[in-house]
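Scroll down for the structure; my scribbles are underneath it.
Computed from a predicted structure; not experimentally measured. Computed from heavy atoms alone, side chains included, the values below leave out hydrogens, waters and symmetry copies.
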Amino acid sequence: MLGCLFNEKEAQEIEYLLKREMEELLLDLSDPRIDEVVKRAMEEKYRIVYGIYKRFVPPNERMRYMLKRYKRKGNDF
């Protein structure tokens, strides 16, 4: 396990970058032209990015970026 210290400005920037990456992945996951094998790899990447994002925001903000299939199950990855 690694640890890092960020000041408030750096944490906000990391949060912004993670949100942007997740939004792009969600957009690509909704594209019907992308093959299912590629989408599975993208979902794995999304889970990793979402796991990092969860460490920067309160629980009520996480729900917006949870994958739809996981929202129905009530899991938080």
Side-chain angles (χ1 to χ4, degrees):
M1 179 170 270
L2 298 174
C4 294
L5 292 174
F6 301 106
N7 65 34
E8 188 63 33
K9 185 91 168 162
E10 292 168 335
Q12 288 175 348
E13 185 64 27
I14 291 170
E15 183 181 335
Y16 170 76
L17 292 171
L18 293 169
K19 282 181 181 179
R20 202 171 81 199
E21 181 67 21
M22 288 188 298
E23 287 171 359
E24 189 160 327
L25 284 167
L26 287 173
L27 181 65
D28 289 344
L29 285 170
S30 66
D31 188 343
R33 298 173 295 173
I34 297 177
D35 189 51
E36 288 301 314
V37 174
V38 176
K39 283 187 179 183
R40 280 196 299 266
M42 290 167 57
E43 284 181 5
E44 179 62 29
K45 180 178 180 178
Y46 189 90
R47 284 188 195 98
I48 293 167
V49 173
Y50 181 76
I52 297 167
Y53 176 72
K54 287 191 320 184
R55 298 170 192 211
F56 284 87
V57 298
N60 59 340
E61 291 186 34
R62 298 177 193 167
M63 298 305 284
R64 177 176 178 209
Y65 291 99
M66 191 180 293
L67 286 176
K68 300 262 187 272
R69 74 174 72 171
Y70 298 101
K71 277 186 181 178
R72 280 185 247 129
K73 291 180 184 177
N75 295 337
D76 197 17
F77 280 33

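Put simply, CG on N60 and CE on M63 are 10.0 Å apart, with the number rounded to the nearest 0.5 Å.
Using a 4.0 Å cut-off between a side-chain N of Lys or Arg and a carboxylate O of Asp or Glu, R40 and E43 do not qualify as a salt bridge.
L25 and L17 fall into different hydrophobic clusters, where Ile, Leu, Val, Met, Phe, Trp and Tyr are joined by side-chain heavy atoms under 4.5 Å apart, directly or via other members. No continuous path of hydrophobic side-chain contacts links I48 to Y16 [ILVMFWY only; heavy atoms under 4.5 Å].
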Show every donor-acceptor pair shorter than 3.5 Å between a side-chain atom in residues 29-38 and any protein atom, with sequence neighbours excluded, or say none if there are none.
unit_1	atom_1	unit_2	atom_2	d
S30	OG	L27	O	2.7
D31	OD1	R33	N	2.9
D31	OD1	R33	NE	3.1
D31	OD2	R33	NE	3.4
D31	OD2	R33	NH2	2.9
D35	OD2	V37	N	3.4

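Aromatic ring pairs are classed by plane angle as parallel below 30°, tilted from 30° to 60° and perpendicular above 60°; the pair Y50 and Y46 is parallel.
For residues 12-21, the salt bridge (Lys or Arg N to Asp or Glu O under 4.0 Å) pairs, not counting sequence neighbours, are E15-K19, E21-K45.
Partners of E23 according to the side chain to side chain donor-acceptor pair (under 3.5 Å) rule, which considers only residues two or more places apart in sequence or in another chain, are Y65.
The two residues V49 and M22 have their closest heavy-atom pair at CG1-CG, 3.5 Å. Looking at every heavy atom in both residues, D28 comes nearest to M42 through CB-CE, 2.9 Å. Counting all heavy atoms, side chain and backbone alike, F56 lies closest to I14 at CZ-CG2, 3.5 Å.
Counting non-hydrogen atoms of other residues, nucleotides and ligands closer than 6.0 Å to CD of E24 gives a total of 12 or fewer.
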